[in-house]
Amino acid sequence: MTQTNRLDGGLIDRSETLNFTFDGKDIQGHPGDTLASALLANDVRLMGRSFKYHRPRGVFSAGSEEPNALVELRSGAAREPNTRATVAELFDGLEATSQNRWPSLSSDVMAVNDLLSQFLTAGFYYKTFMWPKSFWEKVYEPIIRRAAGLGSLSMEPDPDAYDRGFLHCDLLVIGAGPAGLSAALTAGRAGAEVILADEDFAPGGRLNAETYALDNEPAADWVGTALAELLEMPNLRLMTRTTVFGAFDHGVYGAMERVTDHLVSPPEGAPRQTHWKITAQRALHCAGAIERGIAFANNDRPGVMLAGAMRAYANRWAATADQTVAVFTNNDDGHRTARDLLAKGVNVAAVVDIRPDAQAMGDYPLFAGAKVLNAKGRLGLAEIEVRLADGGQTTVSCGALGVSGGWNPNISLSCHHRGRPVWDDRIAAFLPGPTPPAGLKIAGAAAGEFSTHGALKSGAAQAVAALSEIGVSATEPEPPRSEDAPFSITPFWHVGEGKGRAWLDLQNDVTVKDVKLAHQEGFRSVEHLKRYTTLGMATDQGKTSNMGALAVMAEMTGQTIAETGTTIFRPPYTPVAIAALAGRARDDAFRPVRRTPSHYWAEEQGAAFVESGQWLRSQYFPRKGETHWRQSVDREALAVRKSVGVCDVTTLGKVDVQGEDAATFLNLVYCNGFAKLAVGKTRYGLMLREDGIAMDDGTAARLAEDHFVVTTTTANAVPVYRHMEFVRQCLRPDLDVQLISTTEAWAQYAVAGPNSRKLLQKIIDPEYDISNEGFPFMACAEITICGGLRARLFRISFSGELAYEIAVPTRYGDALMRRLMEEGREFDVTPYGTEALSVLRIEKGHAAGAELNGQISPSHLGMARMVSTKKDSIGAVMSRRDGLCVAESYRMIGLEAEDPDKSLPAGAHLIAEGDAIDAAHDQGWITSAAYSPHLGKSIGLGFLKRGDAREGEVILVANPLQGESSRARVVAPHFIDPKGERLRA
Amino acid sequence: MNYSGFRLIKEALTGHRGWKPAWRDPEPKSRYDIVIIGGGGHGLATAHYLAKVFGEANIAVLEKGWIGSGNVGRNTTIIRSNYMLDGNEPLYEFSLKLWEGLEQDLNYNAMISQRGVLNVLHSDAQRDAFRRRGNAMILNGADAELLDAKGVRDMAPFLNFDNARFSIKGGLLHRRGGTARHDAVAWGYARSADRHGVDIIQNCEVTGFRIEDGAVQGVETARGYIGAGKIGVAVAGNSSRVMATAGMRLPIESHVLQAFVSEGLKPVVPGVITFGAGHFYVSQSDKGGLVFGGDLDGYNSYAQRGGLPVVEDVCEGGMALMPMIGRARILRMWGGVVDMSMDGSPFIDRTHIDRLYFNGGWNYGGFKATPASGYAFAHLLATDTPHETAAAYRLDRFGRGAMIDEKGVGAQPNLH
Amino acid sequence: MIITHPILGPRDASEFTYLGDASLIDRPDGMNEGAAEAFLDYVYLRDNPAGEHRELWYHEQGDRSWLVVTRDTVTHEVTKVELACDVALAARSAT
């Protein structure tokens, strides 16, 4: 192909030729082309298929509102479906493929739908496919789903990188057309921090598409001069290829910059796109206007396009869809198209203007007071039928038809906070309403200023007004001399005669007839109309379709268009890639990884790790010859019971509580008493939520009269600290108490087992007595180890053995772990992970996350008596409600498997023997379970109704989810050392 | 007029001239036996069951805007019965059974599609919790299957199995879960209620109650006073506002919940998939759009629009779970106002005002409950006793300590 | 959203964690007569207004201040931001 429809002039660089393919065919274009302009220049009119009827379609617009010319861009993992050919910047090597067709774009089997269109009217599917009942999912829906969608995903992970960033400015100017450029110049000269963003790769907006002069220069020259000045300004950031897609609260705007989409592939390390969150003191919406069509029979033929787009292709891209064109219009704009194409040497066969008094702007046949009845030509327009003013009819041969039904100010962003637009008869269109997002003003065609002069003037004036609100004074410049034609329009929406369907929503195949049917069936509210017919739900979100349909509905109901109203405008202005919004937070970088100080030591030992929130914790430490995790875990658990083990418990939350009133404060936070805890002692504490449910448990150690160290569970470290700050700041600001989270400041290890004291004695500096008498169970102290290293020692036990937790400043954590291993060799010290930790605590009957799941009261835990009645504490009052403490309610129990070969699955439900296995007889569930190597059987913890009164009962463990059941004996939830002798040894 | 394939063919051949309005547009009468406030899914369903099952005549549904303009017209269309707690699962399972016969009941194709709901899990603790839930579902007559990682991979090979921050260890599959065409649910109930004589009155905002001697007499509306024997309020999202006019404070906060739809794509996602290590769930509509969402924005709001942090959070979840959606584009994002209750569960109950009944607090899960909520509310209105599947949804449950807190986060609505 | 912290100036709302109605500052005394009723109201019932709302935000990714933010729940406009401890202290001295 040889660019047979390439015209003279335009803003393309003919010195370079770009090779690209469309459906495998090799084609050429030039820098400055879009995919659409290059295809038109190469006489390609057929670019896509519609959604429902698979009608052949060509390009309709020259912008991001394009409903028809959607392609799959690139191939393999980089394939990007539904890409608008009108905004896809041409690059050498571009690959584009048409979509929603089979086997080929020109012969699409599914076009049979078009023949069945009589049956496929608006909402037809709501009325059928109901019989027989089973056929919907087996037959009908699969057929419908096979036909669903437009383009297809590659099914491979997105290969590109994406970034996110923040920007701040005094004034964000959205759109770099005449109004935006004028605003940016005004604000930039005043010294304000300005961001000027435009979705196009070439700033200038409509100035690039028109032939007007500004100060007697070609518009493009003026744009060039303006840009040169803007680029010199250190206080202005020009962002091309950047779509401001949404207005959010308090002056935050979402903007998507297509950083490298115009290259074959992103250079190493560069993102494909960047999502900018722009916080702007003020913003100015200068996004222009979008032209609308006129509905007539078969107005969807390839070659039928918006008149302004036809003109843009000729003037900016030096391309025409055909050498012979016609125009159908109800306003002067159509005539500009005819004039400009004529000037480019294109044959203008006719201008059909519905206004009887229309005047020609050039030497072309004008049919005033006439209308287009029909468009003919299957894969491309061949001729139009015209109803003349005198009632006669004629046929005009043409390969393209430019249609102008007027222009709609681009109000989308100005309605993102649900402000409703207002109708303006002067331009027969909606204008932004009186309540745009706070801080946003509107200028230029987006505000209904359709002349070049008006746009330049209003851009500058609104910039001055916006800046004055934030105390920046700016001066409105004298705008360049430019056209200032008044806008003249006779509203006209659809022809209403002629055979065949007249399209309103091109992509979704919604026709005038569908709107009439919706009206007939009572779907008259605009929202019902939209939802019933799918009007405006296509990828352009109604930019090219809604107005025509509103007009048809208004005609049917006898209301005005203003009374009919619009649907709601929502972000994004144009669709944005999911990957770009996610930025770099994907795959293994989805969330940060938190590692404990002994992590790398554990890695050296070959530990298996487990996620605990964002933490990675050692799960178990397999030794040579161990082939199953249970072997390692059993060994670790037994080692603790027999000699000594060490477990990294750094991830537990730690809160330092200091101040004269620290004890008073903890007395409020914990349901049990803390006021009288002696210095040097640690106490188990249960924290309740204010609704009386257990929130967390842990210990509080009193290191000094005015100093406590509180520990929380790993999972609740953040919420508990937040809660404690709430209590401190909001409930008891009168107390002298300060909190600081020290979770990351201290590395902490549990040293557990009968030999734990002996091991610690080897590293603790000799002046500290940790004998049973000198440092009894629940003692705590600040000590030094290894010759002067500051440490904290707590004699607490999660395992039920003689045990300690020792904390050192984080940077010594790794060294301490290595030292413990070295010094413990004589005791065969064993590092143990979270699995063995869990086995040990189940054996001891300590509640953990599975028990403290946010639904459990102190009474359920068997701890009702811990809730002090002598003081006020968070949650105490609510914990006494009947439902949380009556005898019939749940109680924590222990379970022992009756069959030693069967494990007890956590999450199984408990049912009394002989009862039916159903919800009515459901009496509880297993929270945690493990194999106890110490006891040689499977054990578990759980909650059972009246559980405390049912010790000895054999109960059914029902796990129908996995098709199994077994029996277990209800026991007290302490499997070892119920009297606590070991931990006091 | 009955809808059927034959009818469609006949109309197609005769220019579709025979179709009648799906519901009438009546003037309000001065008095009804039962007035339902709220022409959303729950209100319309209540009217349908009152008329069809409980034989009530003389019913009106009052809607301040257009019917279906609340959360039934603004949700991610998921239907499921995969709850854990005794108070909840019976109602949701009842609801799913009603969904399964809904199209025949309503003579309206709401495109109920049971393509399954898969909750992906990422840790042993999550598997235990899912086991408890899955077993509760089965004990309540619902279906559930526990999948291992391979089982998940067989169903959804496009998930991130190779490079995930939180690896996929399995999933809980609820095959009877799926989606329904949300708007059609409202329209189907409206059309059926109308056919059973219910007056559906749009653009009729209720501005206050007339209460005498502790009993409600009727409502003041934008279209005048309407007397009522009984009044049922089903205005989730606006419950606090409406009930405040009756002098009630509720255990409810209004929050914004966002949802998203992509451009139309050839179908790739089989059913509903939820991410267990972040806020993301997704399905794909019969039109091809990926329909997805995540967490609440988290603050009280009636603004019906959300903010960028949640948009990013949801997309991060999507990319973490299924990085093949990266090049799909979000077409539209929207925010709905949901009644977030203090334990994450709803209310269907009498109020302390005689003959005034309340249905609300549906959190982010009202759509799936639509049929059963309507049925149970109709039962309560008609018989003055709670339906057996909704017996736990009492307003006084907090006083009794009988919360229904699936997530175990307590009296903080934005965490449910 | 942007919250203008009384000490730190304008900060993105994503730095904060939201709790709820600022009435949570007015905790009843658990030792008082009738505490059960008072707590039922305090813990569970909310005005939930459409319009001006005083609410608690915690600057979790910042200085860990609890703030009382006065914000319109319909427009999201923020009209006042105070340190919660100041509000709580003032309430204490008032009673």
Side-chain angles (χ1 to χ4, degrees), chain A residues 80 82 118-119 124-130 141 144-145 148-150 152-153 155-158 248-249 254 517 520-522 525 527-528 531 539 570-571 575-579 581-582 585-588 590-591 689 691 693 853-855 881-884 906-907 909 918-919 922 925 960-962, chain B residues 3 5 8 12 16 19 21-23 66 103-104 108-109 113 123 128 131-132 134-135 138-140 144 146 158 163 165-166 183-184 263-268 286-288 307-308 311-312 315-316 318-320 323-334 400-402 405 408-411:
Chain A
E80 191 186 5
N82 303 335
Q118 207 46 257
F119 302 92
F124 75 97
Y125 28 77
Y126 301 128
K127 298 169 180 163
T128 180
F129 304 136
M130 287 175 283
E141 191 184 38
I144 287 173
R145 282 181 84 80
L150 295 164
S152 45
L153 290 170
M155 301 308 283
E156 294 174 59
D158 190 326
F248 298 90
D249 282 311
L517 181 64
Q520 181 184 334
E521 296 192 89
S525 139
E527 288 284 353
H528 282 156
R531 290 150 189 264
T539 55
R570 299 272 193 189
V576 287
I578 292 171
L581 288 164
R586 56 179 284 193
D587 296 324
D588 52 0
F590 167 56
R591 290 292 179 260
R689 297 188 311 230
D691 67 351
I693 299 290
N853 72 347
Q855 300 165 331
R881 284 175 290 174
D882 280 355
L884 299 182
H909 286 239
D918 60 23
D922 187 7
W925 72 100
L961 180 67
Q962 293 171 289
Chain B
Y3 289 159
L8 185 68
H16 295 283
W19 298 117
W23 48 83
W66 40 280
E103 285 149 344
Q104 287 67 35
Y108 205 84
N109 184 3
S113 178
S123 70
D128 292 348
R131 196 182 284 117
R132 180 183 168 200
N135 278 320
I138 291 173
L139 294 180
N140 277 286
L146 194 63
F158 49 81
N163 190 24
R165 170 71 179 82
F166 300 102
D183 290 320
E263 296 177 330
L265 299 160
K266 294 293 172 200
V268 292
D286 281 350
K287 248 184 116 234
L308 274 177
V311 177
E312 292 189 334
C315 290
E316 288 172 9
M319 286 302 290
M324 62 84 177
I325 60 169
R327 296 174 106 85
R329 301 187 200 91
I330 292 181
L331 175 60
R332 190 172 175 88
M333 47 181 84
W334 68 95
R400 291 183 281 116
D405 184 353
V409 294

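All of these numbers come straight from a predicted model, not from anything done at the bench. Proteins come first, then strands; the chains are lettered A, B, ... in the order of their sequence lines, and each starts at number 1.
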Query raised in the report: Salt bridge between B:Arg165 and A:Asp588, side-chain N to carboxylate O under 4.0 Å?
Result: no

Query raised in the report: So, B:Arg400 and A:Asp882, do they make that salt bridge, N to O below 4.0 Å?
Result: no

Query raised in the report: Of all of A:Ser152, A:Gly883, A:Pro571, A:Ser525, which one pairs up most often with chain B through heavy atoms under 4.5 Å apart?
Result: A:Pro571

Query raised in the report: What option among A:Asp249, A:Asp922, A:Ile144 has the most heavy-atom pairs under 4.5 Å with chain B?
Result: A:Asp249

Requested in this report: Name the region of B:Leu331, side chain, backbone, both or neither, that has any atom closer than 4.5 Å to a heavy atom of chain A.
Outcome: both

**Report entry** Heavy-atom contact with chain A under 4.5 Å, split by part of B:Ser123
**Finding:** neither

**Report entry** Toward chain B, the part of A:Glu156 with a non-hydrogen atom under 4.5 Å
**Finding:** backbone

Query raised in the report: What part of A:Arg689 gets closer than 4.5 Å to chain B, counting heavy atoms only: side chain, backbone, both or neither?
Result: side chain

Tell me if a side-chain donor or acceptor on [X] pairs with a main-chain N or O of [Y] at a distance below 3.5 Å.
| X | Y | result |
| --- | --- | --- |
| B:Arg131 | A:Ala906 | yes |
| B:Asn109 | A:Lys127 | no |
| A:Gln520 | B:Pro21 | no |

Report task. If the plane angle is over 60° it's perpendicular, under 30° parallel, otherwise tilted; pick one for A:His528 and B:Trp66. Result -> perpendicular

Requested in this report: Determine, stepwise, if the pair B:Ser113 / A:Glu141 fulfils side chain to side chain donor-acceptor pair (under 3.5 Å).
Outcome: CA-CA 8 Å; B:Ser113 178; A:Glu141 191 184 38; 2.6 Å; yes

